Amino acid sequence: MAQNILITGAAGYIGGSVLAEFLSRIDSPIKATKLSAAVRTDEQAQRLSKLGVNVIQLDLSDEAAVTSAVLCNEIDMVIHTANSANWNLVSYLIKALGQRRKTSGRETYFIHSSITTLFSEDGGWPYGQVKDSDPLFEKDKLIGTSHPARHTNILITELAKEQGVTSFIILVPVVYGVGSGEWRKLSVNIPAYTRASIARKITYKFEKEGNPPAVHISDLVALYALMVEKILQKEPIPSGEKGYYFATVHRAPWWEIMQRIADALYKRGLVTEPKVQIWLSWDEAADELGFPRPFIRAIGSSRGDFVPVNAYQIGWKPQWYQQKFLDSMDDEVQSVLDLDTVKPTLFASV
């Protein structure tokens, strides 16, 4: 019997690109699955319905609606890209998968999209260098649940085990590149910096340089597809307490990126000078960029010493690298100018 897969956030940047990647894999075991796409609005549902997938207009904060959607559509696997820091949403989805497992006798799976900044000093990580093959669950529990995304990760691992659901956590870094989904095409960070630069006629950077990990959207969704293929083929891969995956490929040196953004905008006459200025305060930057104040330092200046192991061990082969990324910055800016039509919602519930 074919697996039924639900992708939440299917109108979003990552979720939409995951859906497009799955649909493109005609010689993959994913081809034999039934794909369902969870969206929020009528307009999103109409747009995605032309793809030939089962579109479900769903309020993920409504537990009864989530349970009904999972059971009525016989969902065996959820790929959750809608929100990394709302533990109520993941609890509803995992409990529904637990019920599905009990009523059907089939194995169920939950793949969650989290964030790498949790494992940087600015994100509350006190242990220095970190491998995704380290005992991250145990260390997360020692740190505690003050950060909502860390709280969510801990809950996923514990609740999934309780419900008999196999869980995986993909830790997503800075993502760039034009998405392949039907609705949202743009990522978060570079478009925000570009918008703020245009609005102020000056490009700004933080007083402390960040150098976080990064990944191109095409490489990221390839990892999701690879993991799902492994699951469908019943190949053993790290899961549960050991199921953390750093989707990291190279670094994103923000000061150099901001200079390249400034150069691209100045060339187009959209800023008054190519010189990059320093934000006057972290709060000012957060408000202008649309990022939550409590997390602006982690977003803007995080570094961290990340060592991805698990993703590469299961066969992930990213195609992008740092210089290729930096050389694409003019294209990144142009993409914002061409495609910035959908209001960002990533931090709406934070």
Side-chain angles (χ1 to χ4, degrees), residues 2-28 30-61 65-66 69-70 73 75 77-84 89 93 111-113 170 172 174-192 194-195 215-229 247 290 319-320 328 331-349:
Q3 290 270 359
N4 297 320
I5 300 174
L6 173 65
I7 300 172
T8 69
Y13 174 62
I14 294 177
S17 298
V18 168
L19 177 60
E21 177 70 13
F22 285 11
L23 290 171
S24 74
R25 297 214 166 197
I26 58 176
D27 296 321
S28 163
I30 294 174
K31 178 68 175 178
T33 67
K34 180 181 179 182
L35 298 176
S36 294
V39 300
R40 289 177 296 177
T41 70
D42 289 334
E43 190 177 0
Q44 291 169 349
Q46 291 171 8
R47 181 81 68 85
L48 269 65
S49 63
K50 68 180 183 180
L51 298 176
V53 300
N54 178 37
V55 179
I56 305 171
Q57 194 169 336
L58 181 61
D59 178 1
L60 293 173
S61 65
V66 169
V70 169
N73 291 281
I75 300 299
M77 185 187 306
V78 171
I79 299 172
H80 184 50
T81 72
N83 190 305
S84 66
L89 306 189
L93 288 163
I111 300 176
H112 179 63
S113 309
I170 296 180
V172 180
V174 172
V175 189
Y176 60 94
V178 175
S180 54
E182 285 294 314
W183 189 256
R184 184 181 301 282
K185 299 287 187 181
L186 298 178
S187 60
V188 176
N189 301 74
I190 292 173
T194 303
R195 287 187 212 104
V215 64
H216 190 274
I217 184 64
S218 62
D219 287 331
L220 176 62
V221 298
L223 175 58
Y224 282 88
L226 176 63
M227 290 182 65
V228 170
E229 288 173 346
Q319 301 301 304
W320 281 69
S328 74
D331 292 336
E332 289 285 317
V333 169
Q334 188 60 48
S335 296
V336 177
L337 300 177
D338 293 340
L339 301 171
D340 194 20
T341 59
V342 181
K343 182 179 179 181
T345 58
L346 178 64
F347 301 113
S349 61

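None of these values were measured; they are calculated from a predicted model.
Put simply, the side chain of Asp219 gets close to the backbone of Gln319: a donor and an acceptor are under 3.5 Å apart. Here the side chain of Gln44 pairs a donor or acceptor atom with the backbone of Arg40 at under 3.5 angstrom. Without hydrogens or angle criteria, Glu332 side chain to Gly177 main chain gives a donor-acceptor distance under 3.5 Å. No donor-acceptor distance shorter than 3.5 angstrom exists from the side chain of Thr81 to the backbone of Ile14, with no hydrogens or angles considered. Using modelled atom types, one side-chain atom of Arg47 and one backbone atom of Glu182 make a donor-acceptor pair closer than 3.5 Å. Not one N or O on the side chain of Ser335 forms a donor-acceptor pair closer than 3.5 Å with the backbone of Val178. For the pair Lys50 (side chain) and Gln46 (backbone), a donor-acceptor distance under 3.5 Å is absent. Judged by distance alone, with hydrogens and angles left aside, the side-chain atoms of Asn73 form no donor-acceptor pair with the main-chain N or O of Ile75 at under 3.5 Å. Panel note: side chain Thr194, backbone Val336; no donor-acceptor pair is recorded below 3.5 Å.
Between the CD1 atom of Ile217 and the OG atom of Ser17 there is a distance of 4.0 Å, given to the nearest 0.5 Å. Summarising the geometry, atom CG belonging to Leu223 is positioned 12.0 Å from atom OG belonging to Ser218; distances are rounded to the nearest 0.5 Å. If you take CG on Asn54 and CG on Leu35, they are separated by 9.5 Å, rounding to the nearest 0.5 Å. A distance of 9.0 Å separates CD1 in Ile79 from CE in Met227, rounded to the nearest 0.5 Å. If you take NE2 on His216 and OG on Ser328, they are separated by 6.5 Å, rounding to the nearest 0.5 Å. If you take CG on Leu19 and CD1 on Ile7, they are separated by 4.5 Å, rounding to the nearest 0.5 Å.
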Would you sort out whether Leu58 and Val39 count as a side chain to side chain contact (heavy atoms under 4.5 Å, CB included), showing the intermediate values?
-> CA-CA 6 Å; Leu58 181 61; Val39 300; over 6 Å; no

Give the C-alpha distance, both sets of side-chain angles, the deciding distance and a yes or no for side chain to side chain contact (heavy atoms under 4.5 Å, CB included) between Lys31 and Phe22.
-> CA-CA 8 Å; Lys31 178 68 175 178; Phe22 285 11; over 6 Å; no

Take Glu229 and Arg25 through the side chain to side chain contact (heavy atoms under 4.5 Å, CB included) test and state the conclusion after the steps.
-> CA-CA 10 Å; Glu229 288 173 346; Arg25 297 214 166 197; 3.0 Å; yes

Hey, mind stepping through Ser61 and Leu89 against side chain to side chain contact (heavy atoms under 4.5 Å, CB included) and telling me if it holds?
-> CA-CA 6 Å; Ser61 65; Leu89 306 189; 4.0 Å; yes

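Tested against Met77, the residues Asn4, Leu6, Val228, Thr33 include a single side chain to side chain contact (heavy atoms under 4.5 Å, CB included) partner, Val228.
The 12-atom threshold is exceeded at CD of Gln334, counting heavy atoms of other residues, nucleotides or ligands nearer than 6.0 Å.
Nearest heavy atom pair, residue Gly9 against residue Ala82, reads N-CB, 3.8 Å. Residues Leu186 and Pro191 come closest through the heavy atom pair CB-CG, 4.0 Å. Listed here is the closest heavy atom pair of Ala37 and Leu48: CB-CD2, 4.0 Å. Across Val172 and Tyr224, no two heavy atoms sit closer than the pair CG2-OH, 4.0 Å. Summarising the geometry of Leu220 relative to Ala247, their closest heavy-atom pair is CD1-CB, 3.6 Å, with the distance given to 0.1 Å.
In this structure, Tyr176 has its ring center under 6.0 Å from that of Trp320.
Between Asp340 and Arg195 there is a salt bridge, since a side-chain N of the basic residue sits under 4.0 Å from a carboxylate O of the acidic one.
Side-chain contact between His80 and Leu93: present, with at least one pair of heavy atoms (C-beta onward) separated by less than 4.5 Å.
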